[in-house]
Amino acid sequence: MTGSPVRYLVVPTEDAADGAKSARFGDKTILWGPADQKLGRASRTAPGLVLVTQVGRSFQDEFPDVTPLLDHGRHLVISAADKPRRRRSNHCWRVEALKAGTTVVDVPARMARRADPVVAGLVGEVAPASYQADLTWLASLPTRHSLSASFTTAVEFAAARMVALGYSVTRVPITVGAGHSENLIGDRAGSGAGTRGLVVITAHLDSINLAGGPGGSAPGADDNGSGSAGVLELGRLIASREWEHDVRLILFGGEEEGLFGSKQYVAALPPAERSRIRAVLNMDMIASKNTAAPTVLLEGAPVSSGQMDDLAAAAATYTGLKVETSLNPFASDHVPFINAGVPAVLTIEGADSANGHIHSANDKLEFLDWALASEILRMNIAALAGWLGLVGAAEAPRPQPAGSAVSWGPGRLDIFVRGTDSALHHLYWDGGTWHDFESLGGVIGSSG
């Protein structure tokens, strides 16, 4: 049963006007109101509007006769008349009422921060060859189905890589339905004084072939060899430095069957350990370029909005990625953390519904874009550096004094200096805080 019919219109977000209900999906906005409301000649009527969130093309593949009213990849708007009449157990898509005044997907303005030379050096150490070698090995297995012998082989491979990097490794049994699988955990202690926080880096190691069943070929190159190899690559970079806080690498089993590994991990976390977590970075499908511009979706919740801001700033500062954001978490291993109030973010390739290869025998290396994966890894390691806190890093060169200090009155002091880039820089004290240097531009000659 549906409510009153509505009239709707999809417009470029920049053209969206007041006077109608709306929901934003990146660069498109859907407007709607009563069926008799005038929205424009291109508007249409529907018995109601429904939001679909899907993994890949799971909903569209299952219901090929449903034509979306708005298609933004992971997110669709469909007519209420096309809403499935009975609930299915498929965890790969979700349907719910479309709420007015929401931003389902945002495109934040690129806000680059001042590049840190130490972080820039770490970003520059992302090694596509190392990442590609690990991913190629994982995708060479016939399957990584959670209940298969070759999943165990993949765990052993990843465990050996973590041990070689200096991580303390634990293999934790989990149940997947009536079967048994495992999570792989690698820990590295920070060297900060006092109580240390914890940063968690995750991906699911398992793969699946929905049509072929447990015995079907499932190379899982993008889903999720790309994220699993990403955990190993980020773990390699982190192992090359000393950090204030602890880091934990986790490769989950049972994700494809319903987030079994991450749900059981979060449920078993002692409250004290849960409260230590500063951020959870989850990678799930980071290597298929589905759009003209290299794009990443950051998916989290209000509890992780600060971490999403850090990732977006890292992308703007150290990469050429276009960033989209969503506070509509669904169907990956960040969700159990978010449900427990832990700040977690999914990084996933943009427009993942354009990737028609996942969950099949065709999820192969030949369809991957190594450059996109490397850019996402660069964004991720830059944000991780901030969350972990580098120990013993040399301070970046500071501008050298080359001008006078000016006091505008009690509690206000302005200092103008010649920077290492020969431009004029400004530092000031507001009576309670020193505000860091900002460049005022120009070129100042040095005195002899």
Side-chain angles (χ1 to χ4, degrees), residues 108-132 134 165 188 190-192 197 199 201 229-245 247 249 278-279 281 283 286-287 289 293-296 298 306-323 325 345 347 349 369-400 417-427 434-443:
R110 284 179 64 88
M111 299 292 289
R113 297 174 181 172
R114 180 177 300 168
D116 183 321
V118 176
V119 175
L122 188 64
V123 168
E125 292 177 20
V126 170
S130 170
Y131 172 74
Q132 186 171 348
D134 286 342
L165 292 169
R188 187 175 190 272
S191 55
V199 175
I201 308 170
V231 169
L232 297 177
E233 176 62 9
L234 295 177
R236 181 187 71 82
L237 294 170
I238 288 167
S240 69
R241 305 287 199 280
E242 288 297 322
W243 304 96
E244 178 181 354
H245 299 290
V247 64
L249 313 179
R278 297 169 56 83
L281 175 72
M283 291 177 286
I286 63 168
K289 188 169 180 283
T295 303
V296 63
L298 309 178
Q307 288 75 15
M308 293 171 68
D309 289 345
D310 290 339
L311 284 160
T317 306
Y318 300 101
T319 80
L321 288 168
K322 175 184 176 182
V323 172
T325 62
V345 183
T347 61
E349 64 205 30
D369 188 292
W370 301 107
L372 173 67
S374 296
E375 284 282 80
I376 293 176
L377 290 172
R378 292 183 185 106
M379 171 191 70
N380 287 347
I381 191 61
L384 285 165
W387 301 336
L388 284 166
L390 194 60
V391 172
E395 186 177 352
R398 305 278 289 181
Q400 299 301 310
V417 302
R418 177 181 181 270
T420 55
D421 57 357
S422 298
L424 180 65
H425 289 251
H426 173 225
L427 174 74
W434 278 106
H435 294 261
D436 205 358
F437 284 102
E438 62 176 347
S439 174
L440 301 180
V443 177

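Keep in mind that the numbers below use all heavy atoms, side chains included, and drop hydrogens, waters and symmetry copies. This structure is a prediction, so every number in the text was calculated from the model and none was measured.
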Quick one: list whatever passes salt bridge (charged side-chain N to carboxylate O under 4.0 Å, His left out) with [X], sequence neighbours left out.
| X | answer |
| --- | --- |
| Arg241 | Glu125 |
| Glu375 | Arg378 |
| Arg236 | Glu233 |

What pairs with Trp387 under side chain to side chain donor-acceptor pair (under 3.5 Å), at least two apart in sequence or on another chain?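 By the side chain to side chain donor-acceptor pair (under 3.5 Å) rule, Trp387 matches Asp310.
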Which pair of heavy atoms, one from Ile286 and one from Thr347, lies closest together, and at what distance?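 It is CG2-O, 3.5 Å.
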Without swapping roles, check the side chain of [X] against the backbone of [Y] for a donor-acceptor pair under 3.5 Å.
| X | Y | result |
| --- | --- | --- |
| Ser130 | Ala127 | no |
| Glu349 | Val296 | no |
| Thr295 | Ala293 | yes |

Any salt bridge linking Glu244 with Arg278? Criterion: basic side-chain nitrogen under 4.0 Å from a carboxylate oxygen.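 Between Arg278 and Glu244 there is no salt bridge, as every charged N stays at least 4.0 Å from the carboxylate O atoms.
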Sequence neighbours excluded, which residues qualify as side-chain contact (heavy atoms from CB on, under 4.5 Å) partners of Ala313?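 In terms of side-chain contact (heavy atoms from CB on, under 4.5 Å), with neighbours along the sequence ignored, Ala313 is linked to Arg113.
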Tell me every residue that passes side-chain contact (heavy atoms from CB on, under 4.5 Å) with Ala315, counting only those two or more places apart in sequence or in another chain.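 With sequence neighbours excluded, Ala315 shows a side-chain contact (heavy atoms from CB on, under 4.5 Å) to Thr319, Leu321, Val323, Met379, given in chain and number order.
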Less than 4.5 Å apart, side chain to side chain, heavy atoms only: is that true for Leu234 and Tyr131?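 The answer is no, as the side chains (C-beta and beyond) never meet within the 4.5 Å cut-off.
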